[in-house]
Amino acid sequence: MGDLRFSETVSGKIADRVLVVSIDNPPVNATSLSVRAGLGAALDHAAALDAVRGIVITGAGKTFVGGADIKEFDKPPEAPFLPDVYLRIEQFSKPAVAAVNGAALGGGCELALACHGRVAAPAASFGLPEVKLGIVPGAGGTQRLPRLVGIAAAAEMIGTGRALKAGEALGIGLIDRITGEGLVAEACVLVASMADGELRRSGALAVKPVSDAEIDAVGAKILARARGQAAPAEALRLVKAAMTLPFNDGLAEERRTFLRLRESQEAAALRYVFFAERAVGKVEGLEKTTPRNTRCVGVVGTGLMGSGIAVSALNAGFQVIGVEQSEEGATKGYGRIAGILDKAVQSGRLDPAGRDERLGRLTVASDLSALRDADLVIEAVFDDFDIKAGLFRRLDEVVRADAILATNTSYLDPDTIAAATRHPERVVGLHFFSPANIMRLVEVVNCARTETEVLATALAFAKRLGKLPIVCGVTEGFVGNRVFSAYRREAEFMVEEGALPHEVDQAMEAFGFPMGLFAVCDMAGLEIAWARRKRQASTRDPNARYVEIADRLCEAGRFGQKSGRGWYAYPEARRTVDPDVTALVVAERRRKGIKPRSFTGNEIVTRVLTAMAAEGRALLSEGIATRASDIDLVMINGYGFPAHRGGPMFTAGGVDT
Ligand code: 3HC
């Protein structure tokens with residue numbers, strides 16, 4: 001931008017006696033070495049010129065500064081260090097104002113905090129998401145933010161990593177003003193207004209006292225979400241330290257903690273997950289394919305899954321046509337979708353105008369002919385082959401020639417469903433996870449005959465929904481359910497060999513899963529898997545090891561939480577170890593002549609992870625999954641695998657990070 005160049009990525013120009021410094025380090029203006037050096041040179045320049053009365057710092061493009069350069073985290077830090085550059089800004093003799101044009105995250109938010117004033121565009125956002133990378137802010141965030149917004153608000157922001165929109169940031173005092181137009185000019189005005197007064201240095205502000213109850217309440221919320229992750233507790237400790245430590249000591253303690261956590265396995269895993277998420281959209285063979293324009297989405301079946309998909313599509317701005325089998329069904333379907341939006345309004349996540357605008361884009365019909373204008377139709381009907389194949393045949397007659405048909409089947413073979421149509425090349429799988437309006441994961445299934453443009457459109461559609469789409473090939477259960485089945489199989493083997501269901505669950509929960517396997521099975525219900533096992537019985541390899549315990553539970557009417565009994569009992573809806581299940585397990589072991597032995601938690605976890613990774617490797621060698629990191633993302637986002645462990649393939653090693 002400027003006439004003055006301070007480094008490869010930092011330039012400036014002088015306007016109205018203010019040095020306007022621009023950071024231009026695509027893609028997100030991360031504070032790489034040349035940015036740090038450039039900011040230092042800009043300060044030198046501004047200090048040396050009497051004609052310059054202050055500086056404004058802004059970002060080029062749509063981001064202000066996306067944080068420290070995460071790619072540098074695997075190398076030793078190189079001077080000038082970020083906290084030193086920011087301390088210089090804070091201590092600068094002339095006013096420094098941040099003109100925050102977009103996302104100010106991590107080191108970007110800390111840059112704004114180190115300035116003496118902050119002006120934001122309406123599109124700006126502010127966050128310290130370091131805990132999501134297994135670290136804490138390392139350039140003053142934990143010490144400056146509490147001084148500006150108070151201990152409780154700072155602890156919430158840093159401990160959860162949640163980003164705030166500009167309006168909320170203004171509300172808590174993180175920024176001084178929002179301006180719709182002329183951001184840099186407004187920041188220059190703020191510089192001018194500060195030129196003769198005492199500068200408001202964040203580090204010099206007093207920390208407002210806070211009650212123990214208030215800080216404990218925030219702390220409990222943060223720690224409950226942490227599930228064995230170290231960084232959130234460290235973040236909380238550092239924010240609290242701002243109350244007792246002098247500013248410089250607080251900064252030093254923060255930096256020590258940051259450098260220590262940066263080396264941790266947790267941080268390595270979360271960095272890997274960060275880059276894995278950015279890689280998912282890059283699918284070999286699709287680079288040059290332009291997705292079709294998608295505007296109107298049909299959803300056949302508006303039950304639990306279909307209504308969630310419809311809400312997702314409405315939230316993303318699509319016109320949505322739901323279809324049910326009868327007028328009554330259509331009315332109920334509309335009610336279910338409206339009900340989800342109403343809940344969002346009640347919880348404050350959506351305003352009533354937003355709900356009404358969404359409902360204005362929704363119709364639910366009782367006839368498939370309503371789909372004649374749809375660009376993409378997703379079926380979310382009962383997972384039965386004849387029902388789905390019949391529906392696809394009829395859809396084939398109704399929809400436009402260039403419309404795409406997507407199946408949400410979990411276990412059926414989408415190739416066989418596609419073969420029921422005249423145009424299998426326009427069929428693709430879109431396997432959502434329930435509740436579909438909440439869960440980020442979508443498996444985009446590239447069927448044997450799916451056309452490249454159809455796959456690209458399905459992928460682009462899922463991305464527009466804000467989902468994490470993983471492309472995979474056709475196999476029973478796709479990537480997630482195959483790896484999950486390996487987990488279940490191994491867990492059942494261990495129960496047969498001597499571990500009890502709750503011991504397996506405790507070990508996996510201690511590892512970081514929100515719920516152990518058997519508790520999850522109880523929650524989902526045991527009868528569908530039982531029916532599938534019965535269907536597969538005639539084709540099962542008679543030499544493969546098979547554990548009958550789950551069948552025995554179902555035979556005893558124990559179908560899981562819904563029926564009040566499954567792998568556990570549920571008196572007063574509380575999950576409880578059931579001696580009847582223990583007796584049943586013991587009887588099965590005896591029947592098979594198995595002498596039980598005890599298992600340590602570590603052994604349980606190791607066996608589960610080994611089994612999951614082996615299944616993952618099989619998926620890679622069969623070409624069903626293309627990247628080990630895709631498998632990890634599926635397990636993290638669909639099956640509760642703790643992100644800070646990186647996923648089963650990461651824990652097994654051999655993954656490029
Ligand atoms: N460092 C290095 N690369 C980064 C980066 C970062 N902080 N943030 C994003 N990138 C890269 C991505 O890897 C991606 O690269 P690719 O094109 O080669 O795949 C590219 O930038 C674009 O990223 P997105 O696809 O995520 O772009 P979006 O426009 O959707 O989102 C964003 C932009 C909101 C800035 C998002 O990228 C983001 O959330 N980034 C991470 C923010 C973060 O965690 N910052 C904290 C870093 S740690 C820190 O600052 C420590 C400090 O306290 C000392």
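Here, residue 1 is the first one in the sequence, and each next residue gets the next number. Computed from a prediction, not measured in an experiment: that's the story for all the values here. For ligands, and for the atoms within them, numbers begin at 1 and follow the listed sequence.
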Would you mind checking which non-hydrogen protein atom is closest to atom 24 (P) of ligand 1, with the distance to 0.1 Å?
-> R278 NE, 3.8 Å

If you count the atoms of ligand 1 from 1 in the order shown, which ones are under 4.0 Å from a heavy atom of F274?
-> 8 (N), 9 (C), 13 (O), 40 (N), 41 (C)

Please state whether G141 comes within less than 4.0 angstrom of ligand 1, counting heavy atoms only.
-> no

Proximal atoms of ligand 1 relative to L133 (non-hydrogen, under 4.0 Å) | 44 (O), 47 (C), 48 (S)

Counting only heavy atoms not in N293, do more than 12 sit closer than 6.0 Å to its CG atom?
-> no

The protein heavy atom nearest to atom 3 (N) of ligand 1 is K71 NZ, 3.9 Å

With a 3.5 Å cut-off and no angle check, do the side chains of R295 and Q319 form a donor-acceptor pair?
-> yes

Close N or O approach (G67, ligand 1; < 3.5 Å) = no

re atom 13 (O) of ligand 1, the protein heavy-atom contact at minimum distance is F275 CE2, 3.5 Å

Would you mind checking if E284 and R627 are paired as a salt bridge, meaning a charged N to carboxylate O distance below 4.0 Å?
-> no

Using a strict 4.0 Å cut-off to heavy atoms of G107, name the atoms of ligand 1 that fall inside it.
-> 49 (C), 50 (O), 52 (C)

May I ask you to check if ligand 1 and G138 share an N or O to N or O distance below 3.5 Å?
-> yes

Give a yes or no on whether E181 atom CD has more than 12 heavy-atom contacts from other residues, nucleotides or ligands under 6.0 Å away.
-> no

Do R256 and E253 sit within salt-bridge range, that is, some charged N less than 4.0 Å from a carboxylate O?
-> yes

Going by an N to O cut-off under 4.0 Å, is there a salt bridge joining K467 and E443?
-> no

Judged by non-hydrogen atoms, does K282 sit under 4.0 Å from ligand 1?
-> yes

Is atom 27 (O) of ligand 1 less than 4.0 angstrom from at least one protein heavy atom?
-> no

Look at the aromatic rings of H431 and F478 and report parallel, tilted or perpendicular, splitting at 30° and 60°.
-> tilted

Ion pair present between E110 and R144, side-chain N to carboxylate O less than 4.0 angstrom?
-> no

Geometric N/O contact A30 with ligand 1, under 3.5 angstrom = no

Top protein contact for atom 39 (O) of ligand 1, by heavy-atom distance = L105 CD1, 3.7 Å

How far is atom 45 (N) of ligand 1 from its nearest protein heavy atom, and which residue and atom is that?
-> G66 O, 2.9 Å

Per-atom contacts, ligand 1 versus P137 - under 4.0 Å to a heavy atom = 53 (O)

E234 with R237: basic N within carboxylate O range, under 4.0 Å = yes

Option whose closest heavy atom lies nearest to atom 52 (C) of ligand 1, chosen from E110, K132, R271, E254 = E110

Considering R255, E130, E277, which one's heavy-atom position lies nearest to atom 53 (O) of ligand 1?
-> E130

Taking the six-membered ring of F275, is NZ or CZ of R271 closer than 6.0 Å to its centre and within 45° of its axis?
-> no

Under 4.0 Å to a heavy atom of P129 - the qualifying atoms of ligand 1, by number = 43 (C), 44 (O), 45 (N)

For ligand 1, is there an atom lying under 4.0 Å from some heavy atom of K62?
-> yes

N/O to N/O below 3.5 Å, does that happen between A68 and ligand 1?
-> yes

Under 4.0 Å between a Lys/Arg side-chain N and an Asp/Glu carboxylate O for R36 and E78?
-> no

For atom 46 (C) of ligand 1, which candidate among C109, G106, A163, G127 provides the closest heavy atom?
-> G106

Side-chain ion pair, E90 and R200, N-O less than 4.0 Å | no

May I ask you to decide whether R88 forms a salt bridge with D44, counting only side-chain N to carboxylate O separations under 4.0 Å?
-> yes

Atom 19 (O) of ligand 1 within contact range, any protein heavy atom under 4.0 Å = yes

Check the side chains of R349 and S347 for a donor-acceptor pair under 3.5 angstrom, ignoring hydrogens and angles.
-> yes

Could you tell me the residue and atom name of the protein heavy atom closest to atom 2 (C) of ligand 1, and the distance to it rounded to 0.1 Å?
-> D69 OD1, 3.3 Å

Could you check atom 8 (N) of ligand 1 against the protein and tell me its nearest heavy-atom contact, residue, atom and distance included?
-> V28 CG2, 3.4 Å

Which protein heavy atom lies closest to atom 11 (C) of ligand 1, and at what distance to 0.1 Å?
-> P27 CG, 3.9 Å

Relative to ligand 1, is T31 under 4.0 angstrom through side chain, backbone, both or neither, heavy atoms considered?
-> neither

I23 and its side-chain contact (heavy atoms from CB on, under 4.5 Å) partner, picked from T31, T63, L39 | L39

